[in-house]
Amino acid sequence: MCFIILKTYHDLLKIYGKQGWWPLTESNGYHPGNYGFPKTPNQSFEICIGTILTQNTNWKSVEVAISNLNRLQSLTPASLLALETSPLKEAIRPTGYFNQKSLYLQTFADFFLALKEQIPSRDELLALRGIGEETADSMLLYAFKQPFFIVDSYTRRIFSDLGIVEMKERYNSIQKKFHAVMEPEFSGFKRVQVYQEYHALIVQHAKLHFSGKRLKLLPR
DNA sequence: AACCAGGACGTGA
DNA sequence: TCACGTCATGGT
């Protein structure tokens with residue numbers, strides 16, 4: 001298992017190169033090789049908004065929604081919180097679930113303001129409506145640079161196919177396996193970079209080689 | 001024309 | 001805990 005997790009990471013990196021996630025719209029999208037992002041609280045906030053909006057939805061739709069919010073000058077915590085409900089729903093409509101997501105976004109904006117630029121704990125995030133384990137870890141890893149490996153549906157598919165996890169295995173159980181392998185190999189901020197890249201590579205690979213639930217090609 | 005996309009949550013068993 | 005149903009738009 002240890003070998004497979006590390007080898008797959010290096011294989012994907014070799015095939016696709018650095019992905020430079022999280023894609024930030026207001027700073028010209030991708031920034032491969034530059035791990036300085038996010039540089040400002042507003043950029044961190046934009047990432048968090050993206051993690052909520054992309055739930056069970058295509059990223060292209062999220063880009064449209066974030067662009068809409070930016071046009072309304074509502075991409076900051078305070079301005080998003082102040083935005084009326086109906087224009088907010090209209091702005092994020094392309095991502096679907098706009099009734100719940102509008103509530104989730106403003107709940108989070110309120111929480112983000114109260115943080116005063118401190119780093120939230122995983123439990124604090126999980127206590128918020130609309131933030132489950134994957135979304136919490138996405139925020140922690142990409143917006144707050146904390147070493148939490150993200151387990152999404154692609155991760156389950158790829159690594160269940162490789163025989164080291166079960167499709168309906170508990171989130172924490174799968175995450176532990178990755179943490180156990182990666183932590184001894186990498187340390188400190190390096191581990192954050194690797195977790196960021198690994199998840200991005202998994203998504204990139206899955207986007208290109210999955211059709212529905214069927215795997216068309218495995219890494220090598 | 002069904003199927004699914006970088007999920008979360010509520011419900012009844 | 002487990003298995004389903006619901007939320008909703010947009011692309012293939």
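Below, all heavy atoms of this structure are taken into account, side chains as well, without hydrogens, waters or symmetry copies. Protein chains get the first letters and strands the later ones, always in sequence-line order, with residue 1 at the start of each.
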Exercise for review: Describe, in one word, how the ring planes of Phe112(A) and Phe144(A) are oriented to each other, choosing from parallel (under 30°), tilted (30 to 60°) and perpendicular (over 60°).
Suggested key: tilted
Review point. What parts of residues 66-77 of chain A reach DNA chain B, counting only heavy atoms under 4.0 Å away?
Key: none
Review point. Judged by modelled atom types alone, do Lys101(A) and Thr57(A) share a side-chain donor-acceptor pair under 3.5 Å?
Key: yes
Exercise for review: Between dT11(B) and dA8(C), how far apart are the P atoms? Round to whole Å, please.
Suggested key: 16 Å
Check your understanding: Looking for any heavy atom pair under 4.0 Å, which part of the strands does Thr51(A) touch: base, sugar-phosphate only, or nothing?
Key -> nothing
Check your understanding: Hey, which of these two, Ile131(A) or His199(A), hits DNA chain B nearer its 5' end, going by closest nucleotide?
Key -> His199(A)
Point to revise | Span that lies between the C1' atom of dA5(B) and that of dA3(C), in whole angstrom | key: 22 Å
Practice item. With C1' as the reference atom in both, quote the distance from dA8(B) to dG11(C) in angstrom, rounded to an integer. Key: 23 Å
Exercise for review: Using the closest heavy atom to pick a nucleotide of DNA chain B for each, name whichever of Leu126(A) or Lys207(A) lands nearer the 5' end.
Suggested key: Lys207(A)
Practice item. Kindly determine whether Tyr9(A) and Glu197(A) satisfy side chain to side chain contact (heavy atoms under 4.5 Å, CB included), including the steps that lead there. Key: CA-CA 9 Å; Tyr9(A) 170 69; Glu197(A) 275 302 333; 4.1 Å; yes
Exercise for review: Report the nucleotide, chosen from dT1(C), dC9(B), dG7(B), that has the shortest atom-to-atom distance to any side-chain atom of Tyr104(A).
Suggested key: dC9(B)
Exercise for review: Have a look at Leu128(A) and say if it touches a base, only the backbone sugar-phosphate, or nothing, with a 4.0 Å heavy-atom cut-off.
Suggested key: sugar-phosphate
Can you list, pair by pair, the side-chain donor-acceptor contacts under 3.5 Å of residues 124-135 of chain A, counting residues two or more places apart and other chains?
unit_1: Glu124(A); atom_1: OE1; unit_2: Ser121(A); atom_2: N; d: 2.8
unit_1: Glu124(A); atom_1: OE1; unit_2: Ser121(A); atom_2: OG; d: 3.4
unit_1: Thr135(A); atom_1: OG1; unit_2: Gln55(A); atom_2: NE2; d: 2.9

Check your understanding: Measuring from Thr8(A):OG1 to Phe3(A):CZ, what's the distance to the nearest 0.5 Å?
Key -> 8.5 Å
Point to revise | Within one Ile-Leu-Val-Met-Phe-Trp-Tyr cluster: Tyr97(A) and Leu80(A), side-chain cutoff 4.5 Å | key: no
Study note, to complete from the structure: To the nearest angstrom, the CD-P distance between Gln204(A) and dA5(B) comes to 16 Å
Exercise for review: Sugar-phosphate atoms are those with a prime plus P, OP1 and OP2; base atoms are the rest. Using that split, label each nucleotide of nucleotides 5-12 of chain C B, S or - for protein heavy atoms under 4.0 Å, 5' to 3'.
Suggested key: --BBSS--
**Study point:** Cluster check Ile119(A), Phe148(A): I/L/V/M/F/W/Y, side chain < 4.5 angstrom
**Key:** yes
Review point. Taking the inter-plane angle between the rings of Trp21(A) and His199(A) on a 0 to 90° scale, is it parallel (under 30°), tilted (30 to 60°) or perpendicular (over 60°)?
Key: perpendicular
Review point. How would you label the contact of Arg170(A) with the nucleic acid (heavy atoms, under 4.0 Å): base, sugar-phosphate, or nothing?
Key: sugar-phosphate
Practice item. To the nearest Å, give me how far apart OH (Tyr171(A)) and C1' (dC9(B)) are. Key: 17 Å
Check your understanding: In whole angstrom, what separates Glu169(A)'s CD from dC2(C)'s C1'?
Key -> 16 Å
Check your understanding: Does dG7(B) have OP1 or OP2 sitting under 4.0 Å from an N or O in the side chain of Arg156(A)?
Key -> no
Check your understanding: Nearest-Å distance, CG (Asp152(A)) to C1' (dA8(B))?
Key -> 15 Å
Review point. With rounding to whole Å, what would you report as the distance between dC4(B) and dC4(C) at their P atoms?
Key: 16 Å
Practice item. Assess the pair Phe149(A) and His179(A): is the distance between their ring centroids shorter than 6.0 Å? Key: no
Review point. Expressed as a whole number of Å, how far does the P atom of dG5(C) sit from that of dC3(B)?
Key: 14 Å
Check your understanding: How many Å lie between CG on Leu105(A) and C1' on dG7(B), as a whole number?
Key -> 14 Å
Check your understanding: Would Asp11(A) and Lys7(A) satisfy salt bridge (Lys or Arg N to Asp or Glu O under 4.0 Å), going step by step from the backbone distance to the final call?
Key -> CA-CA 6 Å; Asp11(A) 285 349; Lys7(A) 175 169 178 24; 3.0 Å; yes
Check your understanding: In whole Å, what is the span from the CD atom of Glu134(A) to the P atom of dC9(B)?
Key -> 12 Å
Revision key, fill the gap. In whole angstroms, the gap separating P of dC2(C) from NZ of Lys168(A) amounts to 9 Å
